[in-house]
Amino acid sequence: MSQNLEKELGPLASLVGTWEGMKGIDRAPSDEPKTLLQEKTSKYRERLQFEPTGRVDNHSQILYGLRYSTAAWRLDQPDPFHEELGYWLWDAENEQVMRCFMVPRGVTVIAGGTVQADATEFKLQAESGSNTYGICSNQFLDKEFKTVRYDLKINIHDHESFSYHEDTQLLIKNKKDIFHHTDENTLNKVSK
């Protein structure tokens with residue numbers, strides 16, 4: 001990887017390329033209405049692609065980023081149960097990493113956090129109602145399965161593997177307790 005790319009992308013530089021992981025664990029609400037708050041655990045495989053976008057100028061703010069897409073398949077299913085499209089962005093001057101993404105369920109998230117340029121471990125978060133790092137959902141999800149918070153932890157082990165743990169906190173209609181929908185996986189680079 002070029003030194004210029006490492007400088008431009010800061011802590012995101014190691015993510016450039018295509019990644020696959022076969023050890024994903026998804027803990028989600030049950031599909032059955034009667035047992036909605038019971039956890040359903042599924043193992044999954046995943047493929048992510050990160051491609052540099054180049055420089056993005058927001059007036060005086062300078063960003064560099066990665067365009068990304070991901071899909072995840074339950075180990076016993078041929079079709080993906082989850083997909084995302086979005087961007088990971090690095091604001092070097094303000095030491096901010098941002099992850100902006102959308103899922104085809106009608107949810108968009110902009111998560112962010114303060115991160116050192118050479119960090120190999122960092123956390124991002126978003127909260128419903130925030131004007132900066134926030135969550136926006138369609139009307140059905142906002143009423144039935146409102147996402148109130150999103151937390152993500154990334155660990156970059158080396159230039160060839162990384163892992164994540166994400167916690168999507170849901171307020172399910174007619175339930176008082178928050179449900180923690182979690183996903184975690186370790187991915188290995190399969191191409192640059």
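Small disclaimer: the values here were computed from a predicted structure and weren't measured.
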Common cluster, Met98/Leu48, ILVMFWY with side-chain heavy-atom separation under 4.5 Å: no

From CZ (Phe122) to OG1 (Thr114), nearest 0.5 Å: 12.0 Å

For Ile178, the option from Ile172, Val148, Leu170 that meets side-chain contact (heavy atoms from CB on, under 4.5 Å): Val148

Aromatic ring pairing Phe140/Phe145, orientation class (parallel under 30°, perpendicular over 60°, tilted between): tilted

Check: Tyr64 and Pro52 side chains under 4.5 Å, non-hydrogen atoms: no

For the student: nearest non-hydrogen atoms of Leu124 and Gly113, plus distance: CD2-N, 3.5 Å

Over all atoms of both residues, closest heavy-atom pair of Gly21 and Leu187: N-CD2, 3.6 Å

Residue pair Tyr133 / Gln96: nearest heavy atoms and the distance that separates them: OH-OE1, 2.6 Å

From Ser191 atom OG to Gln49 atom CD, the distance as rounded to the nearest 0.5 Å: 7.0 Å

Exam field: side chain Asp91 to backbone Asn94, donor-acceptor pair closer than 3.5 Å: yes

Carboxylate-amine/guanidinium proximity below 4.0 Å for Glu20 and Arg45: no

Path from Tyr44 to Phe101 over hydrophobic side-chain contacts below 4.5 Å: yes

His165 NE2 to Asn185 CG distance, which is reported to the nearest 0.5 Å: 11.5 Å

Rounded distance (nearest 0.5 Å) linking atom CE of Met22 with atom CG of Asn188: 11.0 Å

Donor-acceptor contact below 3.5 Å, side chain Lys189 vs main chain Val16: yes

Side chains of Lys43 and Leu75 in contact at under 4.5 Å (non-hydrogen atoms): yes

Nearest-0.5 Å distance, CD of residue Glu144 to CG of residue Asp142: 10.0 Å

Nearest atoms (heavy-atom pairs only) where Arg105 meets Asn138: O-ND2, 2.8 Å

Min side-chain heavy-atom separation Lys173-Lys143 under 4.5 Å: yes

Short side-chain donor-acceptor distance under 3.5 Å, Ser163 and His157: yes

Side chain proximity check, Asp167 to Gln169, heavy atoms < 4.5 angstrom: yes

Path from Ile135 to Leu141 over hydrophobic side-chain contacts below 4.5 Å: yes

Backbone N/O of Lys123 and side chain of Asp151: donor-acceptor pair under 3.5 Å: no

Within-4.5 Å side-chain heavy-atom neighbours: Leu9 and Phe50: no

Evaluation steps, side chain to side chain contact (heavy atoms under 4.5 Å, CB included), between Asp57 and Ile62: CA-CA 5 Å; Asp57 294 337; Ile62 298 171; 3.9 Å; yes

Smallest separation among heavy atoms of Arg99 and Trp88, with atom names: CD-CZ2, 3.4 Å

Within one Ile-Leu-Val-Met-Phe-Trp-Tyr cluster: Ile25 and Phe179, side-chain cutoff 4.5 Å: no

Side-chain touch Val103/Glu83, heavy atoms, less than 4.5 angstrom: no

Nearest non-hydrogen partners of Ala71 and Trp73, listed with the distance: O-CZ3, 3.4 Å

Of Lys153, Glu184, Glu46, the residue whose pairing with Tyr164 passes side chain to side chain donor-acceptor pair (under 3.5 Å): Glu46

Salt bridge present between Arg149 and Glu127 (N-O < 4.0 angstrom): yes

Approximate separation, where rounding is to 0.5 Å, of Asp26 CG and Thr182 OG1: 7.5 Å

CZ/Arg67: more than 12 non-hydrogen atoms of other groups inside 6.0 Å: yes

Co-membership, hydrophobic cluster, residues Leu66 and Val97, 4.5 Å side-chain: yes

Side chain proximity check, Cys100 to Leu89, heavy atoms < 4.5 angstrom: yes

Test item: side-chain donor near acceptor, Tyr68 and Glu84, under 3.5 Å: yes

Backbone of Arg47 reached by a side-chain donor or acceptor of Thr70 within 3.5 Å: yes

